[in-house]
Amino acid sequence: MAAIHIPPGWRIPESRATSESAYQNRRAFLKKMGLGTIAVASAAHFPGCGPKAAHTTPTLLPDGPLDTIPKLAPREGYPAMRSRSFDVPERPITTYVAAASYNNFYEFIFDGDLKNVWPLTGAYEPFPMTIAVKGLVEKPFTLDVADLIREMDLEERLYRFRCVEAWSMTIPWTGFPLRRLIERCKPLSSATHVRFVSVNRPKQMPGITKGHWYPWPYYEGLRMAEATNNLAFVATGMYGNPLPKQNGSPLRLVLPWKYGYKGPKAVVEIEFVDRQPPTFWNDLQVKEYGFLSNVNPNIPHVRWTQAKERFISDVDTIEERPTALFNGYSTWVGSLYPDEPTEFTRMVR
Ligand SMILES: Nc1nc2c(c(=O)[nH]1)N[C@H]1C(S)=C(S)[C@@H](COP(=O)(O)O)O[C@H]1N2
Ligand SMILES: [Mo]
């Protein structure tokens, strides 16, 4: 892996500067917790970091405070076989410690050190949980999430992950394509969009109570053609294990060609509808967050550039990289967006 490069402050959005600098200091904290060694040891095992690529991510239980994997999460099927067509050759895999300790999950934390989510997840019990699939479908159903996870064939996919705040990672997710759920409920031809709702548990999620003016629960949406694209993934795990609470247990969406906020965590409702549904961040800041939100270096955020990103491979290893259109997934999804800007524009979409 290349030299350590901490980018200068101008790339850090003003409002995030406090949390970002707190993050830079976390290395010392992790060392104190004995987690620094885990990051180093695990890197050696990861395919992509060495010449011998394995077909699965070895089970890596972080035996420490970052192990917030719910006790009742089903363990069958982990680690899953990796589907090699999604390999990410140009980047190392982000360490588990970085991916599990630098998070966005506003149900737990909405101000202060925004990324330090995991210490606040103690009261959250993601299992048991039910998920409802409903709306314009032939076969609506409500299922226990643990049963659903046991029923699905799990696979592992390495995906680039890009947050709108211009940081990025490479993460080995475990789960199944969203379209396998969609096939099961048989949407009617009148369904044009899918709406997702996250769990709403104020007593277990301190950010919901403290940020009481936010329009909880978190909600998102996709066009039908996006939801059925092979890339759209329901993640039930990462790094060969069930998802830690802070990463969206019991299951969350991952849409690697879009900014991270398009992928709701702890999804409990999937509804098929006949118009574009409202979305959480668009309702909060219509001038900053559009409905499509495809990763696009040509469309800056109102307060910062999207042409570059800070790639996080470990808690103290951050490199500047150019941002790719559709986060490098043009082959999969480019044809869905004939109007996607390929030249600089300030149009939010
Ligand atoms: N329910 C819910 N889902 C959410 C969010 C959130 O605050 N609440 N944050 C989003 C944002 S902005 C990002 S970048 C990703 C972060 O996922 P990670 O913490 O696993 O990296 O989750 C997305 N999904
Ligand atoms: Mo994000």
Side-chain angles (χ1 to χ4, degrees), residues 1 4-7 12 16-46 49 57-70 73 91-124 126 158-174 205-207 235 237-249 252 254 260-261 263 265-266 309-319:
M1 270 170 250
I4 294 167
H5 173 64
I6 309 291
I12 298 169
R16 307 290 183 195
T18 316
S19 60
E20 289 282 355
S21 43
Y23 172 65
Q24 306 300 350
N25 292 332
R26 191 157 308 133
R27 183 64 172 179
F29 164 77
L30 288 168
K31 273 201 178 127
K32 206 163 62 190
M33 307 299 282
L35 287 164
T37 37
I38 289 168
V40 174
S42 63
H45 291 112
F46 286 149
C49 288
T57 292
T59 302
L60 177 74
L61 274 173
D63 194 26
L66 274 175
D67 177 9
T68 54
I69 298 169
R91 298 173 181 206
I93 297 178
T94 298
T95 59
Y96 176 88
V97 175
S101 67
Y102 190 78
N103 300 101
N104 272 330
F105 206 163
Y106 280 67
E107 284 86 334
F108 292 95
I109 187 166
F110 73 102
D111 69 358
D113 186 2
L114 284 173
K115 307 301 176 199
N116 203 19
V117 174
W118 66 268
L120 298 168
T121 60
Y124 177 47
L158 265 188
Y159 275 169
R160 301 179 192 91
F161 185 89
R162 174 64 153 77
C163 174
V164 72
E165 298 157 353
W167 54 269
S168 64
M169 297 185 180
T170 309
I171 300 183
W173 301 106
T174 309
M205 302 173 133
M238 63 182 212
Y239 297 85
N241 284 293
L243 280 179
K245 296 176 185 180
Q246 63 273 23
N247 293 92
S249 177
R252 55 93 59 88
V254 184
Y261 61 86
K265 295 177 166 180
E309 61 196 58
R310 304 184 300 279
F311 176 71
I312 300 172
S313 54
D314 197 359
V315 286
D316 63 353
T317 311
I318 305 171
E319 289 170 66

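Remember, it's a predicted structure, so these values are computed and weren't measured experimentally. Computed from heavy atoms alone, side chains included, the values below leave out hydrogens, waters and symmetry copies.
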When rounded to the nearest 0.5 angstrom, what is the spacing between [atom1] in [X] and [atom2] in [Y]?
X: D111; Y: Y106; atom1: CG; atom2: OH; result: 9.5 Å
X: D67; Y: N241; atom1: CG; atom2: CG; result: 8.0 Å
X: Y96; Y: I171; atom1: OH; atom2: CD1; result: 11.0 Å
X: I93; Y: L158; atom1: CD1; atom2: CG; result: 4.5 Å
X: K245; Y: K265; atom1: NZ; atom2: NZ; result: 14.0 Å
X: M238; Y: W173; atom1: CE; atom2: CH2; result: 6.0 Å

Taking the side chain as every heavy atom from C-beta outward, state whether [X] and [Y] have any pair of such atoms under 4.5 Å apart.
X: F161; Y: S168; answer: no
X: Y124; Y: P70; answer: no
X: K115; Y: W167; answer: yes

Is it true that a side-chain atom of [X] and a backbone atom of [Y] form a donor plus acceptor pair closer than 3.5 Å?
X: Q246; Y: A100; value: yes
X: T170; Y: T94; value: no
X: T68; Y: P244; value: no
X: N247; Y: A99; value: yes

(request) Step by step, work out the side-chain contact (heavy atoms from CB on, under 4.5 Å) result for E165 and N104. (result) CA-CA 10 Å; E165 298 157 353; N104 272 330; 3.4 Å; yes
If you look at every heavy atom in [X] and [Y], which pair is closest and at what distance?
X: I312; Y: A98; value: CG2-CB, 4.1 Å
X: Y239; Y: T95; value: OH-O, 3.6 Å
X: F110; Y: G207; value: CD2-O, 4.0 Å

(message) Salt bridge or not between R160 and E309? Use side-chain N to carboxylate O under 4.0 Å.
(response) no
